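In the text below, chain A, chain B and the rest are named by the order of the sequence lines, each starting its count at 1. Note that the coordinates shown come from a computational prediction; the quantities given were computed from them, not determined experimentally.
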Amino acid sequence: MGSRLDELLKQGVIQFAAFIPWQVAESDISHSLNRFLQAVIDRRMKVYLILSPEVGVHYPNSGLPKDVVSRKENSAQHSQFGKVVVNLPPNAFNLPSLFAPDFNKRYYSFLNRLDGILSDLSKTQPQMLSSVKTVLTGSFWKYYRSPFLSAHSPFGGTCGDYSSHAALAFRQKTESFFSQKEFMDPTPVAANRWKTRSLEELNRRWFYQQSEDVFRNRSYQSIQKKSSALDVFEFELFTPEADTSLTYCNFLQMISGGHADFAKLSSHIEECASRVAMASQSVASSFIHWTSMGGFRMLAEAEKQFLILKSLLLLGGQGGGLLIDESEWLSLSKNFRNRAEALARSLIQNELQMRTQVHYLVPHLWSHSGILWEELQKKAGPQAKMISTLDLVVREKFSQLLIVDPCFIMTREAVQKLTAWAKAGRVVVVPRSQFYSESARLELEQVMAQTKKIEVDLGFPFQLHAIGDGKLVVYDVLDQLILKDGPLLVLQNFINTVLSIAEVENSCRLGDSRLCQVTFEQKNHGIAVFVLNGSRRQVSADLLFKHNVRISDLGSVFSSQSASLAQSPPVEDAHPPVEPANRFSLDVPPFGVLPLSIEGLSFQELREKQAAARISEETRVSAQLAAASELPGLDEGFEELWS
Amino acid sequence: MELTYDWKGFQNFFYSRKRVANSNAVVPIYLVVDGRAIVTVFSDGEDLSDWVGSTCDELIAELPHREVILYDREKVDQWLASSVDVVHFYDQIQYLSQEAKPQGMSKSRHKNALQAVNKHFLLSLTRGGWARLFPSTYGIYIRLDHGQGNSLFLVFQRGKLQTFHIPDLSGMISDRRKNPEDIVKFLSERYLMPVQGLFLNTSEWVEWSELANPWPKIAACLKRHREKFVPFRWSLAFLITLKGHLGL
């Protein structure tokens with residue numbers, strides 16, 4: 001153990017993440033965890049201990065206790081009532097249900113045991129607090145998907161456990177959820193409309209989301225009972241090689257003796273990066289885990305480097321990153337590692353900042369969300385994020401647009417939060433669906449009645465309301481929109497319209513769909529654009545801007561793989577800035593990542609506008625809080641008074 | 001901590017083949033189909049994902065020169081579900097490659113395509129007819145580059161690979177850890193089974209692993225460097241020589 005850590009130290013690795021296999025920790029009679037932590041402390045290294053059950057752990061059944069996994073009644077079932085098979089070495093196994101009482105009881109006592117060990121260690125070794133961090137993840141929730149439904153689109157179909165344990169919990173939760181006053185207006189009978197069979201799929205979505213939130217909260221509380229001084233990080237960990245959407249692909253790969261499907265792994269990163277989960281305390285940072293046990297290991301060097309950089313750009317830009325096996329990492333060239341580390345440092349130090357401008361609110365993060373989201377994702381790219389909780393968007397500083405999915409259940413509180421958020425200079429797009437509680441419907445009607453409106457019908461009717469400094473768009477839900485595909489062109493027009501209302505636009509665009517771009521704002525000036533070519537061929541394409549800009553190679557942060565950058569006519573030397581223009585020709589090599597620095601695009605005005613709106617909103621909330629504390633009973637009508 | 005199934009160690013020895021970027025070899029196209037609709041398409045080194053959702057007839061018509069092998073989605077689900085009863089991933093791969101019979105193919109050359117499944121000479125030997133000549137339980141210890149490279153201990157029982165892991169030699173005196181005979185003796189006593197040690201260079205192992213028939217090379221190596229096969233057993237030498245020179 002010590003010699004392994006010494007080897008890592010020699011290679012310059014001073015911090016790393018380690019999974020704690022549950023099976024091992026439960027029967028750790030030789031106190032190997034204590035010895036491991038002691039070895040880490042002695043070497044002044046830093047370790048992130050991943051405690052939650054996860055796939056992709058180098059241990060039989062991914063570290064889960066054998067008896068828990070092998071009991072058939074504990075197995076989860078996907079929406080087509082098949083077992084969820086995780087097809088990754090050292091053995092394929094059925095995922096257990098996170099609703100199984102047997103599983104839960106054992107899991108929380110495992111966390112309590114770890115909490116005790118860490119607490120004792122932190123008392124005897126106070127320096128451990130700086131060396132050891134614990135990590136909780138979202139566990140298996142996102143993997144409960146049918147391989148058939150997710151084969152075409154990674155998060156296709158309804159994601160959720162359909163086992164008998166889950167069914168029981170679902171019935172109980174549905175009863176208690178719709179017995180809230182909100183859903184019993186105007187009479188208790190009104191609640192029955194929510195419990196009909198036709199709404200079961202919809203109800204399952206919020207149920208799975210709520211169950212996941214409860215799991216996260218309870219896990220967090222369990223690990224903080226005694227060792228509260230220890231830092232707990234909450235991640236969302238994606239392991240593409242073990243993902244359900246690649247089950248058939250992995251099967252064919254095994255049968256054929258072939259290598260991993262690079263294109264699938266690459267597109268999976270985008271899907272993972274577009275979803276932002278809420279942890280118990282804050283936003284769960286998204287990380288991608290490239291194991292050395294699945295298809296990733298067998299890829300060519302250039303493919304691996306591309307996937308690593310893509311993960312780093314898309315997830316690292318949001319405060320997450322990637323986990324990679326040390327042997328895989330050290331097998332890469334020193335030059336590449338230096339460049340990747342430099343890029344990671346730029347992201348950590350906020351020299352490069354990714355701004356999420358668009359959010360899409362859904363009832364469940366891991367289920368299919370329909371064509372509205374797909375079109376938004378195509379149009380807005382990495383700056384659009386899917387979320388499942390309103391609290392997350394309230395914390396977001398730079399978001400300009402929030403679109404609510406037609407399947408989202410609207411409560412009065414949700415309508416109030418959304419309108420308050422819109423008033424601070426943002427745009428909120430809400431559906432006029434049947435999934436409003438009575439009080440929510442009244443609240444929305446009241447808001448709409450008090451504001452000026454414009455009726456728009458370009459095949460997709462909607463109303464545009466001016467609300468505070470922002471805007472509220474209320475769109476009619478066509479039947480095709482609910483969980484199914486809708487008329488494409490009409491939807492595209494609608495998405496284009498709301499993006500332009502919210503003044504969300506891509507700073508540049510590429511002339512070839514094989515390329516994709518990730519844009520960051522640079523700390524000091526301008527923007528950084530990373531152009532990614534995930535294909536096996538060199539792609540020549542134009543990079544287009546609305547105005548003339550000055551463009552240069554961002555080699556100081558990250559140098560690309562022998563890519564050439566030229567303006568028309570081509571220029572030999574790529575490093576010095578070329579003359580301002582609004583069209584540049586790029587040659588991006590196979591699996592290449594081309595980093596560019598762009599000067600001449602100013603976000604100053606937009607940022608000032610956003611800051612002013614935010615300050616206005618914060619002042620309003622502060623004034624409201626101050627008034628409420630000084631004047632008991634002041635509640636109703638304060639909004640109007642303040643306005 | 002010794003892992004019962006150290007896959008990372010195992011794959012370093014038996015699954016080391018990495019993709020060569022931009023390989024232009026034409027390989028078969030494998031499909032998982034639901035009825036005639038393509039659910040998943042796989043062809044090593046190619047992105048054919050645009051075909052998902054269309055029918056296999058369309059794909060065959062568009063690519064008539066390519067070999068297309070079809071698996072029914074429901075059957076695949078069944079095979080995958082039953083594969084979890086097998087204990088480790090290597091056996092699961094073997095199980096799937098035996099069970100999974102294609103439901104259709106565009107050409108009759110599918111046999112060639114299916115032979116692409118990774119078959120390492122050592123693992124094939126232990127599963128083949130020769131396995132009957134071996135003890136019911138035995139171990140093979142492979143060590144590369146005098147301990148500077150990888151090492152792995154494989155346990156076979158009745159012709160099946162039971163466990164594979166990097167053995168913990170910390171119980172040995174450090175000087176003895178350098179001596180092949182002592183290591184084999186230690187493992188043999190610890191696991192209570194006969195152990196055959198192979199002390200090789202990485203280049204040798206890689207070369208043998210990549211050859212379709214490495215036995216002549218192994219036989220030649222055995223003749224020149226007997227010390228690499230610890231303990232040296234005449235019976236094993238005889239078998240290797242037979243295999244190397246007569247191809248039995």
Side-chain angles (χ1 to χ4, degrees), chain A residues 1 21 24 30 32 36 58-60 69-70 80 82-83 85-94 147-148 151-153 245-264 266-267 291-293 297-304 325 327 534-537 590-591, chain B residues 1 3-8 10-12 15-23 27-28 30-32 34 38-49 52-53 69 71 73-74 76-77 79-81 83-84 86-93 96-97 100 102 113-119 164:
Chain A
M1 193 187 292
V24 180
S30 58
S32 53
F36 167 68
H58 187 213
Y59 201 83
V69 176
S70 57
Q80 294 187 310
K83 301 273 168 66
V85 181
V86 174
N87 212 359
L88 197 67
N91 66 320
F93 67 99
N94 291 328
F148 175 51
H152 181 47
S153 154
S245 63
L246 277 101
T247 301
Y248 293 149
C249 205
N250 289 344
F251 164 78
L252 293 177
Q253 181 202 327
M254 278 197 282
I255 292 295
S256 66
H259 300 87
D261 190 332
F262 168 80
K264 277 221 163 201
S266 177
S267 64
T291 75
S292 64
M293 299 182 292
R297 178 180 171 271
M298 306 298 267
L299 294 174
E301 192 87 359
E303 293 172 322
K304 282 185 194 175
D325 191 85
S327 59
S535 72
R536 289 167 199 284
R537 292 190 174 81
F591 309 117
Chain B
M1 185 176 71
L3 291 169
T4 324
Y5 309 117
D6 189 335
W7 182 261
K8 289 183 187 176
F10 183 80
Q11 68 185 359
N12 284 338
Y15 288 87
S16 56
R17 196 160 52 99
K18 292 193 179 179
R19 170 149 58 218
V20 181
N22 301 321
S23 166
V27 288
Y30 295 82
L31 304 177
V32 174
D34 185 46
I38 298 172
V39 177
T40 299
V41 55
F42 177 80
S43 180
D44 199 11
E46 263 182 294
D47 178 17
L48 299 173
S49 53
V52 174
I69 298 162
Y71 293 91
R73 198 258 306 173
E74 285 182 5
V76 174
D77 284 340
W79 295 325
L80 287 172
S83 73
V84 299
V86 184
V87 286
H88 57 74
F89 204 68
Y90 174 71
D91 271 359
Q92 285 169 339
I93 294 173
L96 287 175
S97 57
L114 295 180
Q115 279 171 1
V117 177
N118 194 318
K119 284 189 176 168
F164 39 89

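- Note: B:Phe89 leads B:Phe10, B:Phe89, B:Tyr5 in heavy-atom pairs under 4.5 Å with chain A.
- How far OG of B:Ser43 is from CD of A:Gln253: 12.5 Å, rounded to the nearest 0.5 Å.
- Taking every heavy atom of both residues into account, B:Phe42 and A:Ser256 meet most closely at CE2-OG, 3.3 Å.
- Contact count against chain B (heavy-atom pairs under 4.5 Å) is highest for A:Pro89 among A:Ser267, A:Cys249, A:Pro89.
- Using modelled atom types, no side-chain atom of A:Arg536 and backbone atom of B:Asp47 make a donor-acceptor pair closer than 3.5 Å.
- In terms of modelled atom types and a separation under 3.5 Å, the side chain of B:Arg73 and the main chain of A:Tyr248 share no donor-acceptor contact.
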For side-chain contact (heavy atoms from CB on, under 4.5 Å), just list the numbers for A:Ile255 and B:Tyr71, CA-CA rounded to whole Å, side-chain angles, deciding distance to a tenth of an Å, and then say yes or no. CA-CA 11 Å; A:Ile255 292 295; B:Tyr71 293 91; 3.1 Å; yes
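- Proximity to chain B is limited to the side chain of A:Pro60, based on heavy atoms less than 4.5 angstrom apart.
- When all heavy atoms of A:Val85 and B:Ala81 are compared, the closest pair comes out as CG2-CA, 4.4 Å.
- Taking each heavy atom of A:Ala92 and B:Gln92 in turn, the nearest pair found is N-OE1, 2.7 Å.
- Neither the backbone nor the side chain of B:Ile38 comes within contact range of chain A, judged by heavy atoms closer than 4.5 Å.
- A side-chain donor-acceptor contact under 3.5 Å links A:His58 to the backbone of B:Trp7.
- Separation of atoms CG (A:Asp261) and CD (B:Glu46) is listed at 10.5 Å; rounding is to 0.5 Å.
- For A:Phe148, the parts lying near chain B are the backbone and the side chain together; criterion is any non-hydrogen pair under 4.5 Å.
- Interface summary for chain A: among B:Val86, B:Asp34, B:Asp91, B:Val41, the most heavy-atom pairs under 4.5 angstrom belong to B:Asp34.
- For chain B, the nearby parts of A:Asn87 are the backbone and the side chain; heavy atoms of each come within less than 4.5 Å.
- The contact between B:Gln11 and chain A is made by backbone and side chain atoms together, counting heavy-atom distances below 4.5 Å.
- Contact annotation for B:Asp6: both backbone and side-chain heavy atoms come within less than 4.5 Å of a heavy atom of chain A.
- Checked by atom type, the side-chain pair A:Asn91/B:His88 shows no donor-acceptor distance below 3.5 Å.
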Would B:Trp79 and A:Phe251 satisfy side-chain contact (heavy atoms from CB on, under 4.5 Å), going step by step from the backbone distance to the final call? CA-CA 10 Å; B:Trp79 295 325; A:Phe251 164 78; 3.8 Å; yes
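- A 4.5 Å side-chain heavy-atom check between B:Asn12 and A:Arg297 finds at least one atom pair inside the cut-off.
- To the nearest 0.5 Å, the span separating CD1 on B:Ile93 from CE on A:Met254 amounts to 6.0 Å.
- Considering every non-hydrogen atom in both B:Thr40 and A:Ala151, the closest pair reads OG1-CB, 3.7 Å.
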